[in-house]
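Working notes, beginning with the structure itself.
So you know, we letter chains A, B, ... as the sequences are listed, proteins then strands, and number each from 1. Computed from heavy atoms alone, side chains included, the values below leave out hydrogens, waters and symmetry copies.
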Number of protein chains: 2
Amino acid sequence: MASTSTPQPRGPEPERSEVALGRLGDFVGFRLRRVQNQLSRKFAAANADLGLRSGLFSSLAIVAANPGISQSELSGAVGLDKSVTVTIIDELEKYGWAERRRSAEDRRRHALYVTPEGDRQLDRLFARMEEVEGAVLHQLSDAEHQMLNDVLDRMYDAVVREL
Amino acid sequence: MASTSTPQPRGPEPERSEVALGRLGDFVGFRLRRVQNQLSRKFAAANADLGLRSGLFSSLAIVAANPGISQSELSGAVGLDKSVTVTIIDELEKYGWAERRRSAEDRRRHALYVTPEGDRQLDRLFARMEEVEGAVLHQLSDAEHQMLNDVLDRMYDAVVREL
DNA sequence: AAACGATAGTTGACTTTGTCCACTAATCTC
DNA sequence: GAGATTAGTGGACAAAGTCAACTATCGTTT
């Protein structure tokens, strides 16, 4: 991947203006989206040099945490379609960060594993992510941070359970 | 940090395939994305009958809260490109929910206004959004809800300020 | 063991969404 | 008035997700 030009994720700059939010400000979903948009924008900018496809990082992280996971399970965990997962694993293999191994018990399955090089890359990515989040989390006390994680987990459980 | 990452020795026991998050669980951005994805999915499903384009709802809400706002200002507020805003306003006008009026002072600008019908539609949409969020927020105490909003606002201010 | 349906992975067509660039009309500056 | 700037528009393009079909394996039924 030496010759291709790196795609630069740039977008409209976050505007600090005096626009009223109105009733929109009463909803958590709006605040959530706002923060999350900016965070992912920052993370993409920090990793623009690598030209990472979105979803690649989390997929790699999930595989690392679940050695031998199948592509279907990975799809479910990351929330992507199976077909998208295929192309992500393709890229991961191309980079040499992960590999497919046919499962011995069920030869339909591809058991996924992270390579040592993939582990190193993951370390780098996690470090960058920590850096990006650090500036934001610095605003929060430890208790608030903990509360936030806890609340978000409960919200996630609630919203997932009712589907 | 919350209680999520649990190293699982995945044995050949497919009781309930719980996927480990690993280090990913240490990041707020991940949790944020997770919850927000599910929430917006639910909201889209609740409004599938209307075939709403994404961003249309928030645009309408912003116009309602800022009568006479220009398209550029709206773009900045919602975080979309100007060209995208154009097509959104096109749709809003087609539905009869909003309208462009040429500004008298600056004839380049389109001052945007929500129609009475648009206001009624907005009421319906806000009601649905409340319904969608209600199931999730029900998990939270009032104090937690308040703290969540406060924390998210501070995070947003922090991430916006450093650009 | 042959046949059936179900599952894992793959591929390709299609839609949606966002980004970028060029063009116009109007405004502002000098 | 000339030239630069801004608001809005249109179109080309790329990234990303959805969907349906297809192959190969597996499990179960008969």
Counting any heavy atom closer than 4.0 Å, what does A:S54 reach on the DNA or RNA strands: base, sugar-phosphate only, or nothing?
sugar-phosphate
Plane angle bin for B:F126 and B:F57 - parallel if under 30°, tilted between 30 and 60°, otherwise perpendicular:
perpendicular
May I have the distance from A:R102 (atom CZ) to D:dT25 (atom C1'), rounded to whole angstrom?
8 Å
Please give, in whole Å, the distance from D:dA15 P to A:E91 CD?
10 Å
Within the pair A:Q71 and C:dT7, is there a side-chain N or O less than 4.0 Å away from OP1 or OP2?
no
Take atom CD of A:E105 and atom C1' of C:dA8, then tell me their distance rounded to the nearest Å.
14 Å
Whole angstroms only, please: what is the NE2-P distance between B:H110 and D:dG10?
10 Å
Atom CZ of A:R101 and atom P of C:dG9 are separated, to the nearest Å, by 15 Å
Heavy-atom pair of closest approach, residues A:V35 and B:L152:
CG2-O, 3.4 Å
Over all strands shown, is B:S70 touching base, sugar-phosphate only, or nothing at heavy-atom distances under 4.0 angstrom?
sugar-phosphate
B:K82 NZ to C:dC21 P, in whole Å, measures 15 Å
If I take atom CD1 in residue A:I88 and atom C1' in nucleotide C:dT11, what distance separates them, rounded to the nearest angstrom?
16 Å
Whole-Å distance between D:dA7 P and B:L80 CG?
17 Å
For A:Y113, does the six-membered ring have the charged nitrogen or CZ of A:R101 within the cation-pi criterion, i.e. under 6.0 angstrom from the centroid and within 45° of the normal?
yes
Scan side-chain atoms only and decide if B:T115 and B:E117 contain a donor-acceptor pair under the 3.5 Å cut-off.
no
Look at all strands and tell whether A:R100 reaches a base, only sugar-phosphate, or nothing, counting heavy atoms closer than 4.0 Å.
sugar-phosphate
Against the side chain of A:V84, the closest entry in C:dT17, D:dT18, C:dT27 is D:dT18
Is there a donor-acceptor pair under 3.5 Å between the side chain of B:Q71 and the backbone N or O of B:T85?
no
Indicate, with a heavy-atom threshold strictly under 4.0 Å, whether A:D81 touches base, sugar-phosphate, or nothing.
base
Heavy-atom nearest nucleotide on DNA chain D for B:A111 versus A:D106: which residue maps closer to 5'?
B:A111
When you match A:R108 and A:V86 each to their closest nucleotide on DNA chain C, which lands nearer the 5' end?
A:R108
Would you indicate, yes or no, if C:dG9 has its OP1 or OP2 atom less than 4.0 angstrom from a side-chain nitrogen or oxygen of A:S72?
yes
